[in-house]
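The block underneath contains the structure these notes are about, expressed in structure tokens.
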Amino acid sequence: MPADPPPPPEPPRVYPDIAMSRRLARVTDDLVRIPGTGIGIGLDALVGLVPGIGDVVGTGLSAAIMADAVRQRVPLHVLARMGWNLLVDALLGFVPVVGDAADVLHRANRKNFRLLERCVIENRHVDASARTYGVLAVAMVIGFIAVALALAGLLIWGLVAGLGALLGR
């Protein structure tokens, strides 16, 4: 009897488009270049100037890139790195003026997009049949976002309490 023919090769993995994350990273971190510096400023730096509220908006925008990473099934350690970048971004929002300048240099969304893009290009992903990936990835993203939003909430509470003390209330 002739041997069975080898199985056909697996078709290349088709990734959903990550163009939305690319545009979001550009708009939030590199929308306009500071002439002569090569440093970009985006909406994240501008909304970050509004204490607390800007951090909430920035976290929401950053969450979209992380959601795209979950859809792409990036490895959990990469997702954890992205979450760390998000938390550093949120912590920088606590420091008035200096934190905003540091946030421009940190560029969490650009870093997170590059991590996502590298995983897509290198075809690094968690097997689609891994059942626990979705639960762990979503829990991880929600956890990082919850901590970032809690930090923003603490900042807002501190500002309101500080203003109340200044105004004698």
Distance, nearest 0.5 Å, that separates [atom1] of [X] from [atom2] of [Y]:
X	Y	atom1	atom2	result
D68	N112	CG	CG	11.5 Å
T59	M66	OG1	CE	10.5 Å
L159	L166	CG	CG	10.5 Å
C119	R114	SG	CZ	14.5 Å
I34	I39	CD1	CD1	5.5 Å
L86	N109	CG	CG	8.0 Å

Between I41 and L31, is the side chain to side chain contact (heavy atoms under 4.5 Å, CB included) condition met? List the steps. CA-CA 6 Å; I41 294 180; L31 188 60; over 6 Å; no

Could you pull out the closest heavy-atom pair between [X] and [Y], with the gap in Å?
X	Y	result
D30	G40	OD1-CA, 3.7 Å
S21	A64	OG-O, 4.4 Å
A80	F144	O-CZ, 3.7 Å
I145	A63	CD1-CB, 3.2 Å

Report whether [X] and [Y] are members of the same hydrophobic cluster (ILVMFWY, side-chain heavy atoms less than 4.5 Å apart, transitive linking).
X	Y	value
W84	L92	yes
M140	M82	yes
L43	L49	no
V50	L46	no
V78	L76	yes

Heavy-atom check, side chain of [X] versus side chain of [Y], under 4.5 Å:
X	Y	answer
R124	R118	yes
V147	L87	yes
V88	H106	yes

Salt bridge (Lys or Arg N to Asp or Glu O under 4.0 Å) with R26: which residues, sequence neighbours excluded? none

May I ask you to decide if [Y]'s main-chain N or O and [X]'s side chain share a donor-acceptor pair within less than 3.5 Å?
X	Y	value
R107	D29	no
R73	V70	no
Y133	V74	yes
H125	N123	yes

Matching residue for L115 among V120, N85, L79 - test: side-chain contact (heavy atoms from CB on, under 4.5 Å): N85

Exactly one of R22, E122, Q72 clears side-chain contact (heavy atoms from CB on, under 4.5 Å) with E117, and that residue is R22

So, D44 and T28: side-chain donor and acceptor under 3.5 Å apart, yes or no? no

Test log, rule side chain to side chain contact (heavy atoms under 4.5 Å, CB included), inputs I18 and L116: CA-CA 9 Å; I18 60 171; L116 168 60; 4.2 Å; yes

